[in-house]
Peer 1: 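Here's a structure for you.
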Amino acid sequence: MSDFNRRDVLKAGLGATAVLAGPGIVPVRAATWTNTPEPNASIRVLRWKQFIQAEYDKFAELTKKFSETTGVKVKLEAESWEDIRPKAAVAANVGAGPDLIIGTLDDPHKFPEKLIDVTDVADYLGAQYGGWYPVAEKYGKKGNGWIAIPQGATGGCLNYRISHMKAAGFQEFPKDTAGFLKLCQALKKNNTPAGFALGHATGDANGWCQWALWAFGGKVVNEKNEVVIDSPETIAAIEYVKQLYETFIPGVLSWNDSNNNKAFLNGELSLTLNGISIWTVGKTSSDPKQQEIAKDMDHAPMPIGPVGKPTEQQNILVAYGYKYSKYPKAVKEYIKFMWDKANYDAWEVASNGYVSPPLPAYNDNPVWTSDPKITPYRDCLKRCLDNGYAGDLGYASAAVMGDFVVVDMFAEAAAGSVTPKQAAARAAERAKRYYQS
C-alpha cells in the first residue's frame, strides 16, 4: 500500500481548483458561496447506518467540527437503509421530523414539493469541483432545479477470493456474462460457491438484479415511461439468473444487505456483490482467519452483457432537506461543509473508499490508488444507470425500486414458484400500479 496519511489528503483537498479533465467532465470555474445560517440554529440529521465504523466516526467528527465552526447544533442519527425510506415518507406527509436526511436512490423524487430547493448548493459544488457526473445530476435534479445533493454511491463491485477463482480455472476475472456464469458453475463444483442476495436487500439485491435485467436489454419502462418489462429481453435475463441461482449458496432468497458480508467473512462464500466493507472489515479484523480472507480478496466491475456496455445499478446516496425545517440555511451550510473537498477527502480515507464520488475532483484522493483492490470502486458512477432507466425518476421509479419489483421477479423464477414468463408478467402488472396510477 502506498504511503499516505490524512494530512496529505487534506493538503490535496485545498487544491480543489485543479482537476484532471476527462470525458464528460466540465472545466472548473470560479464559484462563490453566500449563505449565513439562521441565529441559534439547531438541526436534526438522519443518515444511513454505517457498515464501516471508522467511516461513521469521521462523519460524526466532521459534524462536530461544523458545529464548532458555525455555532449550528446538530443532532446526528443513523438508521438502516430499509428504515430510512418509510421515515422519510412519513416526515414528508406529516411535516415534521429530521431537517435533513441522507438516504438512498430516488426517494426524494416521491415528494419533491416538500423539499428545500438546493440548487444554489449544487451549483456551487459543481462549479467548484468539476461538474456532477450525469447520473448524479439525474438523481439530484427535478426539472431545472435541485431537490437533493448526491453524496456518492456505496459502490458495489464483485468481491471474490483470488485463490478460489484460480482453482476454478480462471487466471483473471471474466469480463462478460457468459464467462461469469462459467466461473460461478466452476466455483459451485469446487464447493466454493457464489452467493447474491435475492431477499429485500436495498443495496445488494437491487444492485445485481437491475444489472442482470439491463445487461440483457430488459428494462422496466421505455423512454415514454411505458411499462415494457414483459419482454423477450427480460425473459433472457431471467433464464440467465436461474442458471446463476443454481450455483448459489442456500438461503439467498431471504438475505438482507448484511448476510453476504457475514457469509463471506465466515469463509462460506467465494463471490458476491458488495461494497468495499467486506475487505475493509476483514483487513482490520483481530481474527486471523478474516485477515487471511481479506488478503485473498480482490474486486471487479460487473460483467458486460449482450447489450455490450456497462449496466450497473449503484446504491446512490442523496441528501435532502425538508421545507418544514425552521433552519433551511443551516441545512444548506451543513451540506456545503460536509461536501467541502478537504472534509470529503478525509471522510473518504476513513471509509477506505466505501463511497464512490459524485464529483470528478474527488477522484484525485490518494485512497483510490493506495491499493489496486480499491480502485474499481472509484468509477462506479461512471458505469451505472439510474434506477428509472430508461424513463424518468419520480414517484413511480422510486416505488418500483422500494417495492422490490425486479428483485421479486428474479427470486420467484429462480425459486421455481413461477415460470420466467409468469414472473415477467407479474412484474409488469406490479409496475403498472405505480406508472399508471
Side-chain angles (χ1 to χ4, degrees), residues 33 35 43-48 59 77-79 81 84-93 95 97-129 131-155 202-203 206 313-325 327-340 344 347 355-359 362 380-381 384-389 391-402:
W33 179 252
N35 180 67
I43 62 174
R44 179 181 162 202
V45 176
L46 174 62
R47 55 150 279 172
W48 45 280
F59 194 88
E77 304 168 358
E79 296 278 0
W81 294 328
I84 284 180
R85 177 170 288 123
K87 289 188 176 184
V90 169
N93 288 333
D99 297 87
L100 175 71
I101 287 182
I102 306 177
T104 56
L105 301 167
D106 50 358
D107 279 352
H109 290 263
K110 291 180 179 178
F111 35 78
E113 71 285 352
K114 303 294 182 68
L115 302 178
I116 298 170
D117 184 297
V118 288
T119 303
D120 52 352
V121 188
D123 286 349
Y124 170 81
L125 293 171
Q128 189 79 347
Y129 300 133
W132 298 91
Y133 286 124
V135 71
E137 184 171 344
K138 188 160 186 181
Y139 274 100
K141 292 183 76 173
K142 183 70 173 179
N144 294 322
W146 289 72
I147 59 172
I149 301 297
Q151 189 185 32
T154 53
T202 297
N206 277 321
Q313 188 274 327
Q314 298 292 348
N315 190 42
I316 304 291
L317 305 169
V318 285
Y320 47 99
Y322 290 89
K323 287 181 179 177
Y324 60 68
S325 173
Y327 308 109
K329 291 184 177 181
V331 168
K332 290 183 180 183
E333 195 69 23
Y334 180 77
I335 295 173
K336 184 262 180 184
F337 181 90
M338 299 298 280
W339 270 246
D340 178 82
Y344 193 100
W347 171 64
V355 177
S356 304
L359 289 155
Y362 298 157
C380 284
L381 270 75
C384 78
L385 302 171
D386 66 273
N387 61 270
Y389 176 81
D392 300 322
L393 290 176
Y395 168 77
S397 63
V400 167
M401 180 69 83

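Just so we're clear, the structure is a prediction, and the values are computed from it rather than from any experiment.
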Peer 1: Which word best sums up how the rings of Tyr362 and Tyr344 line up, parallel for under 30°, tilted for 30 to 60°, or perpendicular for over 60°?
Peer 2: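 Ring orientation, 0 to 90° scale: parallel.
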Peer 1: Evaluate the criterion side chain to side chain contact (heavy atoms under 4.5 Å, CB included) for residue pair Leu105 and Asn315; output intermediate values, then yes/no.
Peer 2: CA-CA 6 Å; Leu105 301 167; Asn315 190 42; 3.9 Å; yes
Peer 1: Taking the side chain as everything from C-beta on, heavy atoms only, tell me whether Met401 gets closer than 4.5 Å to Asn206.
Peer 2: yes
Peer 1: Check whether any side-chain heavy atom of Trp48 sits under 4.5 Å from a side-chain heavy atom of Thr104, and report yes or no.
Peer 2: no
Peer 1: Where is the tightest heavy-atom contact between Asp99 and Ser325, given as atom of each residue plus distance?
Peer 2: OD2-OG, 2.6 Å
Peer 1: If you measure from OG1 on Thr154 to CD on Gln151, what distance do you get to the nearest 0.5 Å?
Peer 2: 9.5 Å
Peer 1: Taking all non-hydrogen atoms of both residues into account, name the closest pair between Ala148 and Pro108 and its distance.
Peer 2: CB-CG, 4.0 Å
Peer 1: Test side-chain hydrogen bond (donor to acceptor under 3.5 Å, both in side chains) on Asn35 and Glu333; report intermediate values, then the result.
Peer 2: CA-CA 7 Å; Asn35 180 67; Glu333 195 69 23; 2.9 Å; yes
Peer 1: Kindly indicate, with the supporting measurements, whether the criterion side chain to side chain contact (heavy atoms under 4.5 Å, CB included) is fulfilled by Leu317 and Val355.
Peer 2: CA-CA 9 Å; Leu317 305 169; Val355 177; 4.1 Å; yes
Peer 1: What distance do Ile116 atom CD1 and Tyr324 atom OH have between them, rounded to the nearest 0.5 Å?
Peer 2: 9.0 Å
Peer 1: More than 12 foreign heavy atoms under 6.0 Å from NZ of Lys142: is that the case here?
Peer 2: yes
Peer 1: Tell me, with the steps shown, if Trp339 and Gln128 meet side-chain hydrogen bond (donor to acceptor under 3.5 Å, both in side chains).
Peer 2: CA-CA 11 Å; Trp339 270 246; Gln128 189 79 347; over 6 Å; no
Peer 1: Would you confirm whether Lys114, through its side chain, and Gly95, through its main-chain N or O, come within 3.5 Å as a donor-acceptor pair?
Peer 2: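 No; zero donor-acceptor contacts below 3.5 Å.
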Peer 1: About how many Å separate CD of Glu137 and CG of Asp386, when rounded to the nearest 0.5 Å?
Peer 2: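 These two atoms lie 12.0 Å from each other.
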Peer 1: Any heavy-atom pair between the side chains of Val318 and Ile149 that's under 4.5 Å?
Peer 2: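 A side-chain contact under 4.5 Å is absent here.
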Peer 1: Which pair of heavy atoms, one from Leu115 and one from Phe111, lies closest together, and at what distance?
Peer 2: CG-O, 3.6 Å
Peer 1: Identify the two heavy atoms, one from Gln314 and one from Ala153, that lie closest to each other, and give their separation to 0.1 Å.
Peer 2: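 Minimum heavy-atom contact is CB-CB, 4.0 Å.
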Peer 1: Please find the pair of heavy atoms, one from Leu381 and one from Ser356, that lie closest to each other, and give the distance.
Peer 2: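 Nearest heavy atoms, Leu381 then Ser356: CD1-O, 3.6 Å.
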Peer 1: Closest heavy-atom contact between Asp106 and Gly394?
Peer 2: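 Scanning both residues, the minimum pair turns out to be OD2-O, 4.1 Å.
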Peer 1: For residues Trp146 and Leu125, determine if any side-chain heavy atom of one lies less than 4.5 Å from a side-chain heavy atom of the other.
Peer 2: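 When only atoms from C-beta onward are counted, Leu125 and Trp146 do not touch, as no gap falls below 4.5 Å.
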Peer 1: Ignoring hydrogens and angles, write down the donor-acceptor pairs under 3.5 Å from the side chains of residues 84-93, residues two or more places apart or on other chains.
Peer 2:
residue, atom, partner, partner atom, Å
Arg85, NE, Asp107, OD1, 3.1
Arg85, NE, Asp107, OD2, 3.2
Lys87, NZ, Glu79, OE2, 2.8
Asn93, ND2, Ala89, O, 3.2

Peer 1: Is a side-chain N or O of Lys332 found less than 3.5 angstrom from the main chain of Asp117, in a donor-acceptor match?
Peer 2: yes
Peer 1: Heavy atoms, side chains only, cut-off 4.5 Å: are Ile102 and Leu46 in contact?
Peer 2: no
Peer 1: Answer yes or no: is there a donor N or O on one side and an acceptor on the other, between the side chain of His109 and the main chain of Tyr139, under 3.5 Å?
Peer 2: yes
Peer 1: Is the closest basic N to carboxylate O distance between Arg47 and Glu77 below 4.0 Å?
Peer 2: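 Result for this pair is no, no salt bridge flagged.
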Peer 1: Contact between Lys329 and Tyr334 at the side-chain level, heavy atoms closer than 4.5 Å - yes or no?
Peer 2: no
Peer 1: Measuring only between side-chain heavy atoms, which start at C-beta, is Met338 closer than 4.5 Å to Phe59?
Peer 2: yes
Peer 1: Are any non-hydrogen side-chain atoms of Val121 and Trp33 less than 4.5 angstrom apart?
Peer 2: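 Side chain of Val121 against side chain of Trp33, heavy atoms only: contact under 4.5 Å found.
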Peer 1: Output the distance between atom OH (Tyr129) and atom CG (Leu359), rounded to the nearest 0.5 Å.
Peer 2: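 It comes to 9.0 Å.
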